[in-house]
Trainee: 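Below is a structure I'd like to ask you about.
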Amino acid sequence: MKTKSRRLGKNTKNDLITYGIVIAAFVVAEVMQATGSMSSLLRGLLVPLCMYSILAVSLNLTVGVLGELSLGHAGFMCIGAYASSIFSVCTRETITEVWIRFPLAILVGGIFAAIFGFLIGIPVLRLKGDYLAIVTLAFGEIIKNILGSVYVGYDANGVYVSLESESSLAMGADGTLLINGPLGLSDVPLDANFIIATVLLLLTLFVVLNFMNSRSGRAVMSIRDNRIAAESVGINITKYKLIAFTLSAFFAGIAGVLYSHNLGYLAAKSSNFGYNQSIMILVFVVLGGIGKMRGSVIAACILTALPELLRELNDYRMLIYAIALIIMMIATASPKANAFWEAHSLKKFISAKKENKPAKEVQ
Amino acid sequence: MALLEATNLSISFGGLKAVDNFNIKIEKGQLYGLIGPNGAGKTTIFNLLTGVYKPTEGQATLDGTVITGKKTIDINKAGVARTFQNIRLFKQMSVLDNVKVGLHNHYKYSTIEGILKLPSYFKKEKEMDEKAMSLLKVFDLDGEADYLSSNLPYGKQRKLEIARALATNPKLLLLDEPAAGMNPHETAELMDTIRFVRDEFDMTILLIEHDMRLVAGICEELTVLNFGQVLCQGETSQVLNNPQVITAYLGE
């Protein structure tokens with residue numbers, strides 16, 4: 001079976017290139033940091049870059065692999081951020097070792113987001129296309145608005161939850177306020193760093209890429225391509241849709257963990273967990289190429305870093321950003337550009353060289 | 001006992017009786033044809049047999065177990081596979097992957113095993129690849145295994161659909177106009193392939209077709225449908241010479 005081993009090899013090779021790019025970028029960033037040639041602005045961007053890459057890859061699992069348009073991805077990120085931050089704040093005294101506490105926080109954030117992804121997925125995935133997009137958008141907003149206005153505190157008698165004000169919690173004298181309504185959590189431990197963020201990005205890519213190459217991934221893609229045919233060959237539509245959606249929410253939750261543990265505080269606002277954020281992530285996915293994980297990472301990095309790096313240009317910043325968006329769109333999606341990349345690809349360049357060599361020897 | 005037996009199968013959409021009192025008996029290993037003018041209800045019968053529609057009356061049994069009323073995937077697991085009139089391939093997936101989706105329920109490993117690439121993943125994937133390639137070879141598609149399925153020429157797409165249906169290891173194969181859009185040469189080739197599939201896989205095949213050469217050439221028995229009702233049923237040569245059938249097709 002020569003064809004088969006070749007094909008399996010091609011997938012693995014492609015995946016390895018993706019991991020390689022991430023690791024290479026990590027090494028370059030580390031060297032720049034060590035030699036002091038990195039500006040503080042860029043240093044502050046390192047963890048967000050990984051975070052947005054994870055978000056883009058996880059949304060691409062829903063949009064590109066499952067083929068359903070979800071506009072509520074920031075909502076899952078919000079759940080992950082809150083669940084993990086509450087966990088970290090509560091266990092700060094009991095688990096002093098960061099290397100134990102933070103992985104646990106990541107798991108808590110991811111699992112909570114996955115649970116919500118599963119529960120929301122059950123009704124939402126019955127819908128299709130535009131309807132699904134609108135309902136996920138609504139769910140994202142609901143999550144953000146609830147978490148952005150809830151007051152949670154605890155004392156010796158138990159946990160108190162209120163949507164009105166801190167005083168309405170009516171805690172005892174020993175009560176501690178956990179979530180202060182719109183002000184959120186103010187003292188989240190700064191556990192996230194660039195190394196962990198990169199490891200998480202690699203982990204996300206590993207899981208998503210392997211999933212795509214597996215039996216379950218094929219089932220999900222078959223649903224995307226033709227639901228009726230998938231059903232006719234015995235694919236359980238609901239099950240595989242839910243698996244993909246839940247997995248997608250899980251990694252969005254992990255990105256949320258990075259978000260809050262990098263900033264040190266957490267408050268759900270329109271600017272960080274609103275629909276603008278969801279659409280931003282969708283822009284990464286679309287510009288990076290739907291269904292292409294490597295493209296998602298690259299697009300997320302460029303489009304996150306660009307506005308920050310152009311900050312000096314003040315008024316022209318968003319103008320240049322818009323032009324960059326259009327150029328990226330043309331470069332990745334237009335047929336002419338695709339033909340250009342094909343003609344000038346590295347592979348072709350190498351094979352052309354190989355062909356030229358014997359000709360030269362003859363001369 | 002017949003492999004497929006439908007009794008009084010009926011369905012109506014609103015006031016329209018799309019299929020009325022449909023009866024059929026197909027023995028194991030038979031090549032059975034279902035013909036009739038456009039709109040006669042042929043594809044509706046396929047949809048009834050595969051659980052896309054639920055019949056308003058009557059039932060169908062496969063090997064003695066009732067299949068009507070079950071879900072599509074359960075009917076597939078029970079042993080009915082089909083192709084579609086308007087080809088429904090997984091267009092953005094490779095030819096090989098299309099067949100491997102068909103093998104989904106026969107080579108199992110869990111999602112976790114797939115994500116972690118445990119040894120069982122490699123073992124099952126290898127078995128799946130081998131099985132899929134051997135199926136593709138039957139249809140002379142093994143050279144195109146890595147192609148995107150949408151890039152195949154029309155005739156090969158039809159063959160791939162049959163290969164994918166066979167991958168689910170069915171007892172009964174339903175082919176919906178397998179020769180549609182094929183030239184006479186391709187049709188002749190397809191006839192050989194269908195015969196080969198029947199002999200090689202010991203398959204029972206029910207097919208819908210408008211190409212009378214194909215029907216006359218390979219089907220052993222025919223049912224003619226007109227306006228949702230059975231017009232005539234029996235051996236191919238007799239049915240095709242029946243004056244009623246000729247009238248339904250060609251007019252008075």
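In what follows, every chain begins at residue 1, and chains take the letters A, B, ... in the order their sequences are listed.
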Trainee: Testing B:Glu113, B:His104, B:Lys100 one by one against A:Arg215 for a side chain to side chain contact (heavy atoms under 4.5 Å, CB included), which residue passes?
Mentor: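 It is B:His104, the one option of B:Glu113, B:His104, B:Lys100 that forms the side chain to side chain contact (heavy atoms under 4.5 Å, CB included) with A:Arg215.
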Trainee: I'd like to know whether CZ of A:Phe112 has more than 12 heavy-atom contacts from other residues, nucleotides or ligands below 6.0 angstrom.
Mentor: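 No, not enclosed.
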Trainee: Please assess B:Phe84 against A:Asn226 for the test side chain to side chain contact (heavy atoms under 4.5 Å, CB included), listing each intermediate value before the final yes or no.
Mentor: CA-CA 12 Å; B:Phe84 296 88; A:Asn226 203 314; over 6 Å; no
Trainee: Taking every non-hydrogen pair under 4.5 Å, which of B:Met93, B:Lys77, B:Lys91 racks up the most with chain A?
Mentor: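 Looking at each option in turn, the highest pair count goes to B:Met93.
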Trainee: So which part of B:Lys108 gets closer than 4.5 Å to some heavy atom of chain A, the side chain, the backbone, both or neither?
Mentor: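 For B:Lys108, backbone and side chain are both near chain A.
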Trainee: Hey, is CZ on A:Phe116 packed in by over 12 heavy atoms from elsewhere, all under 6.0 Å?
Mentor: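 Counting neighbours around CZ of A:Phe116, 12 or fewer heavy atoms of other residues, nucleotides or ligands fall under 6.0 Å, so no.
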Trainee: Give the interface residues of residues 230-248 of chain A toward chain B, defined by a heavy-atom separation under 4.5 Å.
Mentor: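 Interface residues of residues 230-248 of chain A: A:Ala230, A:Glu231, A:Ser232, A:Val233, A:Gly234, A:Ile235, A:Asn236, A:Tyr240, A:Ile243, A:Leu247.
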Trainee: Check B:Ile115 against A:Phe206 and note the closest heavy-atom contact, atom names and distance.
Mentor: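 Taking B:Ile115 first and A:Phe206 second, the nearest heavy atoms are O-CE2, 3.6 Å.
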Trainee: Would one find more than 12 heavy atoms of other residues, nucleotides or ligands at under 6.0 Å from atom CZ of A:Phe118?
Mentor: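 Open.
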Trainee: Taking every heavy-atom pair that is under 4.5 Å apart, which of A:Gly291, A:Gly217, A:Ala219, A:Ser216 has the most such pairs with chain B?
Mentor: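 If we count pairs closer than 4.5 Å to chain B, A:Ser216 comes out on top.
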Trainee: Surrounding CZ of A:Arg126 (heavy atoms of other residues, nucleotides or ligands, distance under 6.0 Å), is the total greater than 12?
Mentor: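 No, not enclosed.
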Trainee: Name the member of A:Ile228, A:Val207, A:Ile223 that forms the most heavy-atom pairs with chain B at distances under 4.5 Å.
Mentor: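 With the most close heavy-atom pairs to chain B, the winner is A:Ile228.
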Trainee: Taking all non-hydrogen atoms of both residues into account, name the closest pair between A:Arg218 and B:Val101 and its distance.
Mentor: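 Closest heavy-atom pair between A:Arg218 and B:Val101: O-CG2, 3.9 Å.
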Trainee: Counting heavy atoms not belonging to B:Asp199, are there more than 12 under 6.0 Å from its CG?
Mentor: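 Yes, enclosed.
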Trainee: Assess whether atom NZ of B:Lys54 is packed by more than 12 heavy atoms of other residues, nucleotides or ligands within 6.0 Å.
Mentor: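 It does: B:Lys54 NZ has more than 12 such atoms within range.
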Trainee: Apply the test side chain to side chain contact (heavy atoms under 4.5 Å, CB included) to residues B:Gln92 and A:Arg224: give CA-CA distance (whole Å), side-chain angles for both, the deciding distance (0.1 Å), then the verdict.
Mentor: CA-CA 9 Å; B:Gln92 293 176 59; A:Arg224 169 197 69 190; 3.6 Å; yes
Trainee: Can you tell which part of B:Leu89 gets under 4.5 Å to a heavy atom of chain A, answering side chain, backbone, both or neither?
Mentor: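 Contact with chain A: backbone only.
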Trainee: What do the steps show when you test A:Asn213 against B:Tyr121 for side chain to side chain contact (heavy atoms under 4.5 Å, CB included), and what is the final call?
Mentor: CA-CA 10 Å; A:Asn213 290 331; B:Tyr121 163 83; 4.0 Å; yes
Trainee: Would you say OH of A:Tyr131 has more than 12 non-hydrogen atoms from neighbouring residues, nucleotides or ligands within 6.0 angstrom?
Mentor: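 Atom OH in A:Tyr131 is not packed in, count stays at 12 or less.
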Trainee: To the nearest 0.5 Å, tell me how far A:Ser214 OG sits from B:Lys117 NZ.
Mentor: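 NZ of B:Lys117 is found 9.5 Å from OG of A:Ser214.
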Trainee: Got a sec: does the OH of B:Tyr147 have more than 12 other heavy atoms crowding it under 6.0 Å?
Mentor: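 Check fails, neighbour count at 12 or below.
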Trainee: Between B:Thr50 and chain A, with a heavy-atom cut-off of 4.5 Å, which part of the residue counts as in contact: side chain, backbone, both or neither?
Mentor: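 Nothing of B:Thr50, per the 4.5 Å heavy-atom cut-off to chain A.
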